[in-house]
2 protein chains.
Amino acid sequence: MNLEQASRQLEALGNPTRLQIYRTLVRAGHAGLPVGGLQERIGIAASTLSHHLKRLVDTGLVTQERHATTLICRAHYPAMDALIGYLADECCADAACVASEAAAS
Amino acid sequence: MNLEQASRQLEALGNPTRLQIYRTLVRAGHAGLPVGGLQERIGIAASTLSHHLKRLVDTGLVTQERHATTLICRAHYPAMDALIGYLADECCADAACVASEAAAS
DNA sequence: TCCCTATTTCGACATTTATCGAAGAAAGCC
DNA sequence: GGCTTTCTTCGATAAATGTCGAAATAGGGA
């Protein structure tokens with residue numbers, strides 16, 4: 001994970017609509033959700049949703065799988081883990097953060 | 001931490017220049033860095049740097065302290081901790097993520 | 001008081017983004 | 001082959017963003 005990649009993933013999550021999409025997918029669990037299901041829950045135009053989903057897929061945070069005409073979307077946890085790891089490394093270059101981490105766990 | 005706040009912090013970090021600023025501050029450790037020191041290291045116009053710093057400070061990721069005419073900037077670790085915690089909660093609503101977390105540590 | 005250094009604010013500009021509705025494409029069913 | 005359902009692409013538009021240089025401001029020092 002380098003700065004550029006982290007930045008792109010953070011930017012992808014740094015939009016309220018996209019974060020809501022991601023959050024909804026996480027809550028859907030392993031089963032995932034079709035694009036239409038996301039649209040019902042979130043209530044935006046299908047074209048807008050498709051646009052946001054494309055960005056999440058491009059950054060690797062979401063995966064898609066076809067089932068006939070429906071596209072199942074799933075949160076891709078390894079990408080999130082790597083992102084969290086990168087942020088933790090950034091943060092924990094300083095002792096103060098290590099201490100606060102220890103206190104939190 | 002709610003979705004809106006997390007989204008604003010993620011957006012703040014989701015710009016390569018701002019992530020580089022934050023990274024530089026983390027590496028500077030507890031001593032922090034004056035705005036001018038950041039400018040030397042990053043090499044952008046002072047006005048642009050000021051603009052980005054304002055956003056980082058507004059979201060709570062960076063703090064500033066005056067020493068005469070110089071402004072010392074520091075990464076504010078508790079904010080990053082809270083953000084990481086939020087992302088981990090998002091991610092770990094599913095068992096697969098808990099497993100991958102355990103494997104990573 | 002006048003100046004000096006450090007930083008911010010002010011325009012200005014090009015680029016990117018978010019959003020929508022309408023039209024198009026993919027994948028199957030009658 | 002037509003029809004349906006699901007999703008994406010296209011075209012358009014308003015708003016936000018990133019960037020710069022020049023001017024203004026803040027805080028002390030001679």
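Below, read A as the first sequence line, B as the second, and so on, with proteins coming before strands; counting in each chain starts at 1. Side-chain atoms are counted along with the backbone in the values below, which use heavy atoms only and exclude waters and symmetry mates.
Between C:dT17, D:dG18, D:dT19, one nucleotide has an atom nearer to the side chain of B:Arg18 than all others, and that is D:dG18. Ranking D:dG18, C:dC20, C:dA27 by closeness to the B:His51 side chain, first place goes to D:dG18. Here the side chain of B:Thr69 is nearest to one of D:dC20, D:dG27, C:dT17, namely D:dG27. The listed nucleotides are C:dT7, D:dC7, C:dA18; the one nearest the side chain of B:Thr70 is C:dT7.
Criterion: ILVMFWY side-chain heavy atoms under 4.5 Å apart, direct or through other members. Under it, A:Tyr86 and B:Leu83 are part of a common hydrophobic cluster.
Applying the 4.0 Å criterion to OP1 and OP2 of C:dT7, one finds that B:Arg66 has every side-chain N and O outside that range. Regarding contacts with the backbone of C:dT19, a side-chain N or O of A:Thr17 is found under 4.0 angstrom from either OP1 or OP2. Between A:His52 and the phosphate of C:dT17, there is no side-chain N or O to OP1/OP2 separation shorter than 4.0 Å. For the pair B:Asn15 and D:dG18, the criterion of a side-chain N or O lying under 4.0 Å from OP1 or OP2 is met. When the side-chain nitrogen and oxygen atoms of A:Thr48 are compared with OP1 and OP2 of C:dA18, none of them lie within a distance under 4.0 Å.
Rounded to the nearest 0.5 Å, atoms OG (A:Ser7) and CG (B:Leu13) are 9.0 Å apart.
Among the atoms of the strands shown, none is found under 4.0 Å from any heavy atom of A:Gln39. As judged by a 4.0 angstrom heavy-atom cut-off over every strand, A:Ala46 is placed among the base-contacting residues.
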